[in-house]
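Heads up, the thing below is written out as structure tokens.
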Amino acid sequence: MATPQSSKLPGAGLANDARPASVRLDRHRPRYHFLPPANWMNDPNGLMHWRGEYHLFYQHNPHAAVWGPMHWGHAVSTDLVHWTHLPIALAPTPDSPDQDGCWSGCAVDNDGLPTLIYTGVRGAAQLPCLATSTDGLRTWRKYPGNPVVPAPPPGLDLVQYRDPYVWREADGWYMLVGSGIAGRGGTALLYRSANLLRWDYLSPIYTGDCQRQEPVWTGSMWECPQLCPLGDKHLLVVSVWHDRQLHHAAYATGVFTNGRFTPETEGLLDYGSSFYAPQSLLDERGRRIIWGWLREGRDQDAMRAAGWSGVLSLPHILSPGPGGTVGVTPAPELAVLRGERTHLTALDVTPASEIVLPNVRGDCLEIAAEFRPGSASVFGLSLRRSPDGAEQTRIVYDRAAQRLALDTTQASLDPSVTRQVRYAPCPLAAGEPLRLRVFVDCSVLELFANDHGCLTERIYPTRPDSLGVALYAHGGTAQLLSLESWPLRSIWPDSMGDV
Ligand code: DQQ
């Protein structure tokens, strides 16, 4: 085996009090979503529940708050909520197949030997590489025979090739590599191996059509593909790349048989603009839990000035939803973060004026609200609202369109940050209330509706008093059936991020 990895790199090992003031004092830095102590993070990688510990690796540039030479940062949790930063797990090795970066990949348990399969980058080559740990996932040795696939399969006219995802079936190991077929669309290439070290290419499991817009557009190339059983179907998750732009995380549920995937139902895992490159694990309780990278909505200068960039979504539990859709709920473990509950019952919300809730305010909040649409044409909640309403982020339910919107066009008075309206389909059966779960964490807003359909956005209110929550309705009266709210605590021991 090769030499052990250096684990004393800057970044992930920084003590909280050694972080630059810009990081400690940034009001936009989330407090209960996972992020590194400082600098850049993107994709979650190598997720694994190993002997009672959740291990999270992630794409990390420990040298700057912008994307750069990729390392694998590492953190561990026993409760899915509180994380301990560990030394960097993988760093580029000079003059090797990963000399220019250790890009995304996965983790498997090879009969008791934890093994990472990642993308080693050397120049234009992006090839699957392998590393193993014999000390409980703390340090990693790279396989001297890396890369374990010497080149992409010939003759396919591929658009990019990276992000191995590996799993075991009764007859051996299988691997997907994200790619695209020029002029057709995104694809995931299937391989098989007896030992993780030598791989035989089989075929694309399924190729999308980049001309097709409905039900979801899947672009020209797929990053970070992942295939796993969900209920009695298989779930394929891909991150849509097109013309060097990152778009959204799409899913398909369907049938996987004889190396081919046949989609039956398609959708987006999150309808906002931020959630990308998600990866899931199956935990020791049998739950399929997924995290995505939440991209910033501010520019490179602002990220450099802040000293950090990128955050993970909350852990989302996936389950089979109606008609082949995917159900998504926040992990119940998050309830340990709740402070004192505020509870409101039965309230009519009329077009007369917005109802600013007196005891519900803050920038680290969970809200669970149930509405009956009544006669209102649109209704909803505004959050991070300044007293004069000049800054506010609006959750809008449109009864006729059966659609939920997250409107960040007034979320910030800073003209340089991203502001937009994003929509998610949200059909309600006759008599079914709209049930919203909202998590506000400084610059993160995650919205769950009726246990399916997620909308996540990044928001950057400028005013310190943009903390209010209000209810509103137009075109008629909506009924608020109940609203519970809790302030949520920081997940870090010294309140990292508190200002
Ligand atoms: N991020 C990684 C790639 C992956 C992309 C590089 C997705 O491996 O395709 O940081 O965000």
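All values reported here derive from a predicted model rather than from experimental measurement. Numbering of ligands and ligand atoms starts at 1, following listing order. Index from 1, following the sequence.
- Without hydrogens or angle criteria, Asp109 side chain to Gly112 main chain gives a donor-acceptor distance under 3.5 Å.
- Taking Thr119 as the reference, nothing meets the side chain to side chain donor-acceptor pair (under 3.5 Å) condition, with sequence neighbours excluded.
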Under 3.5 Å, N/O to N/O: give me all the pairs between ligand 1 and the protein, one per line with atom names and distance.
from	atom 1	to	atom 2	distance (Å)
ligand 1	1 (N)	Asn42	ND2	3.4
ligand 1	1 (N)	Asp43	OD2	2.8
ligand 1	8 (O)	Ser104	N	3.1
ligand 1	8 (O)	Asp163	OD1	2.5
ligand 1	9 (O)	Arg162	NE	2.8
ligand 1	9 (O)	Asp163	OD1	3.4
ligand 1	9 (O)	Asp163	OD2	2.6
ligand 1	9 (O)	Glu223	OE2	2.8
ligand 1	10 (O)	Asn42	ND2	3.0
ligand 1	10 (O)	Gln59	OE1	2.7
ligand 1	10 (O)	Trp67	NE1	3.0
ligand 1	11 (O)	Asp43	OD1	2.8
ligand 1	11 (O)	Asp43	OD2	3.3

Review item, side-chain donor-acceptor pairs of residues 191-198, under 3.5 Å, at least two apart:
from	atom 1	to	atom 2	distance (Å)
Tyr191	OH	Tyr161	OH	2.6
Arg192	NH1	Tyr174	OH	3.3
Ser193	OG	Asn195	N	3.0
Ser193	OG	Asn195	OD1	3.2
Ser193	OG	Leu196	N	2.8
Ser193	OG	Arg198	O	2.8
Asn195	OD1	Leu197	N	2.9
Asn195	OD1	Arg198	N	3.1

Inset, instruction - May I have the step-by-step check of side chain to side chain contact (heavy atoms under 4.5 Å, CB included) for Leu236 and Trp222, ending in yes or no? - result: CA-CA 11 Å; Leu236 176 68; Trp222 294 345; 4.3 Å; yes

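- Counted by atom type alone, Gln279 and Tyr165 present zero donor-acceptor pairs between their side chains at under 3.5 Å.
- Applying the ring pair (Phe, Tyr, Trp, His ring centres under 6.0 Å) rule to pairs touching residues 107-135 yields nothing, sequence neighbours excluded.
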